[in-house]
Amino acid sequence: MSAVENRNVVLVQESGHGPYGQFVSIGQHIMGADEPGAVGGHNTGPDPFEFVLAGIGACTVMTIRMYANRKKWPLDDVRVSVRHVRAATGGEGGVRHAVERTISLTGALDDEQRAALMAIAERCPVSLALETGMEITSIAG
């Protein structure tokens, strides 16, 4: 598989480190995933929701940075804290998850620039994909 074909492909397999430990391979990057001890894991890596939150946070920071750079605005630093608010029962008995994203912008930005950067954060592609829903297909391998 070429580098282009391999883009956005994630391989996950059991690591043998406890009942839920995983190796997560993304291109040349290898990370661990696990569940916390409170639910029977060994906490050898982030749990699955933390990986999703990391994707939202990274995409938000990158989206803001790209926009500020394109506009040549004086953005010195972007920090995003993302928190999964536990699932609540949604309509028709479904489960609805919620995420809180706190965005900190540092730099000599005026109020209009800050507002524009906060608005562009809402257009982060990962957030948009999650908000509109993603079709997930399982294929036997």
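Values below: every heavy atom of this structure, side chains too, minus hydrogens, waters and symmetry copies.
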side-chain hydrogen bond (donor to acceptor under 3.5 Å, both in side chains) between Asp77 and Thr106, intermediate numbers included: CA-CA 5 Å; Asp77 187 55; Thr106 305; 4.5 Å; no
Worked check of side-chain hydrogen bond (donor to acceptor under 3.5 Å, both in side chains) between Arg101 and Ser81: CA-CA 6 Å; Arg101 175 172 49 192; Ser81 172; over 6 Å; no
Residue pair Ile103, Thr60: steps toward the side chain to side chain contact (heavy atoms under 4.5 Å, CB included) verdict: CA-CA 9 Å; Ile103 302 169; Thr60 301; 4.1 Å; yes
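Within the 4.5 Å cutoff, no side-chain heavy atoms of Ser25 are placed close to those of Val10. You'll find the side chain of Ile26 reaches within 4.5 Å of the side chain of Val24, heavy atoms only. In this structure the side chain of Leu75 never reaches within 4.5 angstrom of the side chain of Tyr67, judged on heavy atoms. Using a 4.5 Å cut-off on side-chain heavy atoms (C-beta onward), Ser127 and Cys59 make no contact. Side-chain contact between His17 and Phe23: present, with at least one pair of heavy atoms (C-beta onward) separated by less than 4.5 Å.
Taking the six-membered ring where the residue is Trp, the centroids of Tyr20 and His42 are separated by 6.0 Å or more.
Contact detail for Gln113 and Asp110: the closest heavy-atom pair is N-OD1, 2.7 Å. The nearest pair of heavy atoms linking Phe51 to Gly32 is CZ-O, 3.4 Å. Pro19 and Glu14 make their closest contact through O-OE2, 4.4 Å (heavy atoms, listed as atom of the first residue, atom of the second, distance). Here the closest non-hydrogen pair linking Val80 and Val82 is CG1-CG2, 3.6 Å. Nearest heavy-atom pair, Thr63 versus Cys124, reported as atom, atom and distance to 0.1 Å: OG1-CA, 3.7 Å. Closest approach of Thr44 and Ala33 over heavy atoms only: OG1-O, 3.9 Å.
Met62 and Trp73 are members of different hydrophobic clusters when ILVMFWY side chains are connected at heavy-atom separations under 4.5 Å. A continuous path of hydrophobic side-chain contacts links Val52 to Met134 [ILVMFWY only; heavy atoms under 4.5 Å]. No chain of hydrophobic side-chain contacts below 4.5 Å, direct or via other Ile, Leu, Val, Met, Phe, Trp or Tyr residues, connects Met66 to Leu109.
Rounded to the nearest 0.5 Å, atoms CZ (Arg70) and NZ (Lys72) are 10.5 Å apart. Between the CG atom of Leu128 and the CD1 atom of Ile56 there is a distance of 11.0 Å, given to the nearest 0.5 Å.
The aromatic rings of His97 and Phe49 sit tilted, their planes meeting at an angle between 30° and 60°.
Side-chain atoms of Asp34 come within 3.5 Å of backbone N or O of Asn43 as a donor-acceptor pair. Although no hydrogens or angles enter the test, the distance criterion places no donor-acceptor pair under 3.5 Å between the side chain of Arg79 and the main chain of Leu105.
Remark: Asp111 CG is loosely packed, at most 12 non-hydrogen atoms of other residues, nucleotides or ligands lying under 6.0 Å away. For Met31, the CE atom is densely surrounded, since the number of other residues' heavy atoms within 6.0 Å is greater than 12. The neighbour count for Arg65 CZ, taken as heavy atoms of other residues, nucleotides or ligands under 6.0 Å away, is above 12.
In this structure, Glu50 does not pair ionically with Arg83, as no charged nitrogen and carboxylate oxygen lie closer than 4.0 Å.
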